[in-house]
Each structure stands twice: as structure tokens, then as C-alpha cells.
Amino acid sequence: QVQLVESGGGWVQPGGSLRLSCAASGRTVSRYTMGWFRQTPGNEREIVACMDWSGDNLYYADSVKGRFTISRDNAKNTVALQMNSLNPEDTAIYFCAADRSIGVHTIQDYYDYWGQGTQVTVSS
């Protein structure tokens, strides 16, 4: 089993930045695709970004392209999401997820392990 714990959420003003971190434990996730999803009340969980184990294959939702950057450190068993130029529409609970299958997947059903989520609030 893999346990994922997110950190780094909080409140930020529009235009600000936050860096989310996800620490994996239980087993190495160095060969897993890692993703960040977010969810707002009453809505489905949506993909924000994901990266395969090599880091060569990435995906970003159109709404975050150019503002968010996903990265991973396989040696430390961590993945991060740097979020810049935040706007109120980015307000959500952000989840880290791990996918054991090969490839970059944007659908949450592919992901086997999930963190508890961290709240990000963007407001003035």
C-alpha cells in the first residue's frame, strides 16, 4: 500500500503563488505516474497535472498551462505542484494521486492511491 500526504495548501491573494507537496510512504512511487487533481463543492474531481515516472511525459489542464508546474523527486518519493498567478477559480481541494499503470492518464479511475487533500483558497 501507498500512503500519500499533501501539504502546502492555504490562503493566498489573487496573483500569488503556492507550492503543494506530496510525500509518499509505504513503497516507492518512482515507477508510478503521479497526478494532481482538484475538486470544488458539487463538482467532479478534475485533473490538474500529471507526470509519468520518467518525467518525460506531462499533462496540464488547459486552465493551468503556463501557471502550474508539476515536478517529482523519485529519490525522495515526493511530487510537487508549483502554482503561480493564482486566481479565485483555482480555489479547490487539491489531491495527490498515484497511478500504477503505464502512461499518462487524466481520468481519476486510473489512479490507485489518493491523499486526503489540501485546501487552496484564492481570494482578496
Side-chain angles (χ1 to χ4, degrees):
Q1 289 293 324
V2 173
Q3 292 78 44
L4 302 173
V5 178
E6 303 95 339
S7 61
W11 172 82
V12 64
Q13 291 185 330
S17 298
L18 282 174
R19 183 177 178 85
L20 304 183
S21 295
C22 174
S25 62
R27 65 192 310 170
T28 179
V29 295
S30 62
R31 293 292 182 174
Y32 292 6
T33 291
M34 299 299 294
W36 286 96
F37 288 75
R38 65 187 181 187
Q39 188 173 24
T40 54
N43 292 311
E44 293 285 324
R45 199 172 294 184
E46 63 176 9
I47 185 77
V48 175
C50 57
M51 170 186 283
D52 74 351
W53 69 273
S54 70
D56 292 336
N57 296 297
L58 303 168
Y59 172 87
Y60 291 98
D62 287 342
S63 58
V64 307
K65 280 181 182 176
R67 301 188 298 122
F68 290 13
T69 303
I70 187 172
S71 61
R72 66 189 299 163
D73 186 332
N74 287 337
K76 295 182 178 180
N77 229 23
T78 60
V79 63
L81 185 69
Q82 177 66 41
M83 306 186 295
N84 299 328
S85 302
L86 285 160
N87 58 61
E89 289 69 39
D90 296 315
T91 295
I93 300 174
Y94 284 72
F95 297 89
C96 173
D99 170 11
R100 295 178 297 178
S101 60
I102 297 172
V104 172
H105 299 118
T106 61
I107 300 174
Q108 61 175 325
D109 292 351
Y110 279 96
Y111 290 78
D112 304 286
Y113 305 104
W114 292 85
Q116 292 299 306
T118 185
Q119 177 71 47
V120 171
T121 302
V122 185
S123 72
S124 55

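Quick caveat: nothing in here was measured; it's all calculated off a predicted structure.
Checked by atom type and distance alone, the side chain of Asn77 never pairs as donor or acceptor with a backbone atom of Ala23 at under 3.5 Å. Between the side chain of Asn74 and the main chain of Trp53, a donor-acceptor pair closer than 3.5 Å is present. A donor-acceptor contact shorter than 3.5 Å is absent between the side chain of Asp99 and the backbone of Thr33. Checking side-chain atoms of Asn57 against main-chain N and O of Val104 turns up no donor-acceptor pair under 3.5 Å. One N or O on the side chain of Arg72 and one on the backbone of Val29 form a donor-acceptor pair closer than 3.5 Å. Although no hydrogens or angles enter the test, the distance criterion places no donor-acceptor pair under 3.5 Å between the side chain of Ser21 and the main chain of Ala80. The backbone N or O of Gln116 lies less than 3.5 Å from a partner atom in the side chain of Glu6, making a donor-acceptor pair. Put simply, the side chain of Thr69 never gets that close to the backbone of Gln82: no donor and acceptor are under 3.5 Å apart.
At a cut-off of 3.5 Å, with distance as the only test, a side-chain donor of Ser17 or Asn84 sits close to an acceptor on the other residue.
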(request) Go through the steps to decide whether Val12 and Met83 satisfy the test side-chain contact (heavy atoms from CB on, under 4.5 Å), and finish with yes or no. (result) CA-CA 11 Å; Val12 64; Met83 306 186 295; over 6 Å; no
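Looking at Tyr111 and Arg45, their side chains never come closer than 4.5 Å, going by heavy atoms from C-beta outward. Side chains of Cys50 and His105 form no contact here, defined as non-hydrogen atoms less than 4.5 Å apart. Residues Trp36 and Val79 form a side-chain contact, since some pair of their non-hydrogen atoms from C-beta on lies under 4.5 Å apart. Side-chain contact check for Val64 versus Arg38: some heavy-atom pair is nearer than 4.5 Å.
Between Val48 and Leu81 the shortest heavy-atom distance is CG1-CD2, 4.1 Å. Closest approach of Gly10 to Leu18, counting heavy atoms only: O-CD1, 3.9 Å. Here the closest heavy-atom approach between residue Thr121 and residue Gln119 is recorded as OG1-NE2, 3.4 Å. In this structure, Gly9 and Leu20 approach most closely via the heavy-atom pair N-CD2, 3.6 Å. Across all non-hydrogen atoms, the minimal contact from Ser63 to Arg67 is O-NH2, 2.8 Å.
With a 6.0 Å radius and a threshold of 12 heavy atoms from other residues, nucleotides or ligands, Ile102 has its CD1 atom at or below the threshold. Heavy-atom neighbours of Tyr110 OH from other residues, nucleotides or ligands within 6.0 Å: at or below the threshold of 12. Enclosure of atom CZ in Arg19 by more than 12 non-hydrogen atoms of other residues, nucleotides or ligands within 6.0 angstrom is indicated.
Aromatic ring orientation, Tyr32 versus Tyr113: parallel (interplanar angle below 30°, classes split at 30° and 60°).
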